[in-house]
There are 4 protein chains.
Amino acid sequence: MSTPARRTGRPRSAEADRAILGATRAALVELGWGKLTMGDVAARAGVAKTTLYRRWAGKNELVVDAVAAVFDEHLEAADHGSLRADIEDVVVRFATLLERPETKTALMAVVSEATHDEALGARVRSAIVDRQKRLVLVGRERAQLRGELPPEEDPAAAARNADLIFDVIAGSVVHRLLVSAEPVDREWARSFATVLLHGLAAASSGTGTAPAPEPAREHRQKPAGSV
Amino acid sequence: MSTPARRTGRPRSAEADRAILGATRAALVELGWGKLTMGDVAARAGVAKTTLYRRWAGKNELVVDAVAAVFDEHLEAADHGSLRADIEDVVVRFATLLERPETKTALMAVVSEATHDEALGARVRSAIVDRQKRLVLVGRERAQLRGELPPEEDPAAAARNADLIFDVIAGSVVHRLLVSAEPVDREWARSFATVLLHGLAAASSGTGTAPAPEPAREHRQKPAGSV
Amino acid sequence: MSTPARRTGRPRSAEADRAILGATRAALVELGWGKLTMGDVAARAGVAKTTLYRRWAGKNELVVDAVAAVFDEHLEAADHGSLRADIEDVVVRFATLLERPETKTALMAVVSEATHDEALGARVRSAIVDRQKRLVLVGRERAQLRGELPPEEDPAAAARNADLIFDVIAGSVVHRLLVSAEPVDREWARSFATVLLHGLAAASSGTGTAPAPEPAREHRQKPAGSV
Amino acid sequence: MSTPARRTGRPRSAEADRAILGATRAALVELGWGKLTMGDVAARAGVAKTTLYRRWAGKNELVVDAVAAVFDEHLEAADHGSLRADIEDVVVRFATLLERPETKTALMAVVSEATHDEALGARVRSAIVDRQKRLVLVGRERAQLRGELPPEEDPAAAARNADLIFDVIAGSVVHRLLVSAEPVDREWARSFATVLLHGLAAASSGTGTAPAPEPAREHRQKPAGSV
DNA sequence: AACTAATCGAGACGGTACGTCAGGTCTTTTT
DNA sequence: AAAAAGACCTGACGTACCGTCTCGATTAGTT
């Protein structure tokens, strides 16, 4: 039933697929996105260039698949007993993953290409991004079961909310690591979790207004320019 | 005294610099990062390729400078009377900027390259990223003057905090737009501001612990769409 | 046994070879050596530059081969019934060949380059020069059969002699045409043949001494150093 | 009358001229014609490129002048007591000159360029070639004084004859050295002189016919391939 | 002694060609 | 039919020289 109508001729080597993806990751580590070439990957995999192009449309597609596998392997959401712990954990996990040399460049490069190639964008989202979003959903559900967050009522709102949270988490970590080029350590993760936790609570409680921020009585004598 | 030791030989044409950066931006709009070539930029600027290479080491460096000018022009922090309004405004401004065709790809591409070229990374930060960080500092100060946020006590903590906030804002917007490929509209800006506002309050007050999250009793009366 | 180990992969296009050499000759005619560029040749031949470089190391090598073909086509030694007629004929033929626009510059340019590129020199000799030397050998043999010249006894001396004669003929014609820039017409050919014919007779007869040159009666009263 | 209307302004440095020509020769030795660049010559001479172009139109003109000086220095016709000795001597002298690395390439290169630049051709002839022709004239006159050659009667024929002899001598030596790439040693010079001497005698005596070449009795049974 | 005009060094400039490299396609033989 | 091998076209790369063009700084000769 699943076997897709066995065709005539020599079947594609499954071995080759593995070798190619492996070679791609290895090349990414050694050379980075920019210097990685199809010819080089083919040579590393002990495969002809033709074989590569028979399976992937180009460099972008190949790299997306090669990197997707790495993401799949390393993103699991363990239950740490509290929402804060779960957030901190997922932040650190994601950061660790992004610090691997093969993902570091590849992700940004592929995202960059995706800005003018809608098909590639879709592939990136389905193969890499969306599977991470699952973590947010799982984490929220756990928090709700624990009573740390209120249950959802409107499914659409819930989805929007999850998207927002996901963009905040993933975006912040990526920006910290790849743009600011600063480490995501335990301390940063804790600070970030603090911000997020309070934001989350407010968003979930529907508070559309600013919190009464600790009366903040008389700081106004503070001179400008203090930054 | 300031004149930087007037050297011998024909001085570099300032005109050329302007023409090249302009041509680079034009080419970015028309072709995007990937299709932009040094030869094309030179031709558009009415300049020899060598003149380009005499001033910039390569495509990356050139694009960083060209894009930096755009950022400089469009990032100003107007005072909107409240921290929430200021946040929403900066988010929308930044998103608008990122949606321009010349910045869209260019930024990510350059960040991607910067992951294996430290000098380029430094250039990106000093020419583009750090100047945006100013907005965060200005906004915070205003909020403090308004009494919306408490004054800083530990300068180091203040700096760390500003960095965090900056990564959260910039990262979230970038991720939303370029990775998730969803629009940053007024509504999203509002939701994001809500999250950030509460997180900010908590972070500023030094609350390292989870908020007593509004005992989560009765959120259910809240209508949907609240994020 | 002769088949040179038929290899795998796409074989080189013989068509391309022909097109390239043809294009090179055409370009030489139109532009001359100096203005001929690899890119232009490739374009004329409807071939990629890389294909050119895959087969020839550079302009020099390419031109040698292209010119060699012309020489091959146009140098044949017809039997004109006498040594004098044969010499005159070969001189005129060679001159005609050298006056063709594609050979004119090309030959000297390549020789010039060969003075500091031994491999190129060897190529020039094997592809162009040595095949002309054949004409000398054939002509001498015919003359010997006719009884115009004595047979050779020492093979080594014979070879040396042929080399000498060849250098004299080729060198004189080249110098007349390309250095002195005077035409090689029937009259010049006749004068040259006269000189060579007598010299040949003396050299062949082994006469190492000057001929008794028409007693040369009494010019010696003329004072020396008059110039 | 000779002073060319002394103009105002700073006069050209005679020192520079010397330095440039010297540097050109040095560069020719080290790099050969092809790799010699104007910029390099200027640098070696400690002079700006502008200074070079103010005095010479280009590489060709510069090299012609640089090489001409070398020829001038080294070509003198000493009287060796006999026509044969004079011929051998001039052949060896010329060969020695042509074997110098700076003349070797330069001469052919310049001749090659001259084939499509008439002005350059004229310059080459007046600066280099024609001054060598003098040697032929001097040698012939001496030989006539010695009684080795008959005096000239028709001045036009005499000039034609001198041109022929000159092309034969210079051409043969150049061809031997630069095309055949064989040495011009004493032995070769002797063989060449033998050929020329007899040819000269015949040409001078107006003998337009072949010599009776030593009856050449019965060599015809000689098998082919003897060369 | 001041003026004038050409030269000098330095080096940037617009060009042209170089030879190389990667992307992707096509053709051949082998499996 | 798919695979390995490798030639092919396209197009950009970054470099090297070309010959020209500013510059500011020297030099003579002229006023």
Side-chain angles (χ1 to χ4, degrees), chain A residues 6-13 15-16 34-43 45-60, chain B residues 6-13 15-16 34-40 42-43 45-59, chain C residues 6-13 15-16 34-43 45-59, chain D residues 6-13 15-16 34-43 45-59:
Chain A
R6 207 61 184 76
R7 298 281 294 278
T8 169
R10 179 169 170 177
R12 288 194 178 168
S13 156
E15 179 64 34
K35 304 289 179 192
L36 178 148
T37 70
M38 295 300 265
D40 183 59
V41 169
V47 141
K49 257 202 298 177
T50 336
T51 303
L52 253 100
Y53 282 105
R54 209 174 282 120
R55 296 162 196 227
W56 287 276
K59 196 165 146 173
N60 291 325
Chain B
R6 204 60 187 76
R7 297 284 294 278
T8 165
R10 179 172 173 175
R12 292 197 176 162
S13 159
E15 179 64 35
K35 305 288 179 191
L36 179 149
T37 70
M38 296 299 266
D40 182 60
V47 142
K49 246 197 314 174
T50 34
T51 300
L52 251 108
Y53 283 107
R54 205 174 285 119
R55 297 163 194 227
W56 288 277
K59 200 165 141 171
Chain C
R6 204 62 186 75
R7 295 282 294 277
T8 168
R10 178 173 173 175
R12 290 197 178 163
S13 158
E15 179 64 34
K35 305 288 180 192
L36 178 148
T37 70
M38 296 299 267
D40 183 60
V41 169
V47 141
K49 249 197 312 173
T50 35
T51 300
L52 250 116
Y53 282 107
R54 204 174 288 120
R55 296 160 194 230
W56 288 277
K59 199 164 142 172
Chain D
R6 207 59 186 79
R7 299 279 296 276
T8 171
R10 178 172 173 177
R12 291 195 178 162
S13 157
E15 178 64 34
K35 305 290 180 190
L36 178 148
T37 71
M38 296 299 266
D40 182 60
V41 169
V47 141
K49 255 200 305 175
T50 335
T51 304
L52 250 112
Y53 282 107
R54 209 173 282 121
R55 298 164 194 224
W56 288 275
K59 196 166 144 173

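Just the heavy atoms: all of them, side chains too, but no hydrogens, waters or symmetry mates, feed the values below. A, B, ... follow the sequence lines: proteins, then strands. Residue 1 opens every chain.
Nucleic acid contact class of L36(A) (heavy atoms, under 4.0 Å, all strands): sugar-phosphate only. At a threshold of 4.0 angstrom between heavy atoms, the contacts of G58(C) with the nucleic acid are absent. Nucleic acid contact class of G46(C) (heavy atoms, under 4.0 Å, all strands): sugar-phosphate only.
For dA12(E), the base has no donor-acceptor partner in the side chain of T51(B) [N/O atoms by modelled type, under 3.5 angstrom]. Checked by distance alone, R10(D) brings a side-chain donor or acceptor within 3.5 Å of a matching partner on the base of dT26(F). Between the side chain of T50(A) and the base of dA5(F), a donor-acceptor pair under 3.5 Å is found. Not a single donor-acceptor pair, N or O on each side, falls under 3.5 Å between the base of dG15(E) and the side chain of K49(B).
What separates OH of Y53(A) from C1' of dA3(F) is a distance of 17 Å, to the nearest Å. Computed from coordinates, the W56(A) CH2 to dG23(E) C1' distance equals 17 Å when rounded to whole Å. dT7(E) atom P lies 14 Å from atom CG of L52(D), rounded to whole Å. The NZ atom of K59(C) sits 16 Å away from the P atom of dT16(E) (whole-angstrom rounding).
The shortest heavy-atom contact between T51(C) and V47(C) is CB-CG1, 3.6 Å. When every heavy atom of A48(B) is checked against every heavy atom of A42(B), the shortest pair comes out as C-CB, 4.1 Å.
Distance from the side chain of M38(C) is smallest for dC18(E) among the nucleotides dA12(E), dC18(E), dG15(E).
Within the structure, every side-chain polar atom (N or O) of R54(B) is placed at least 4.0 Å from both OP1 and OP2 of dG14(E).
Comparing T37(B) and S13(C) by the nucleotide of DNA chain F whose heavy atom lies nearest to each, the residue mapping closer to the 5' end is S13(C).
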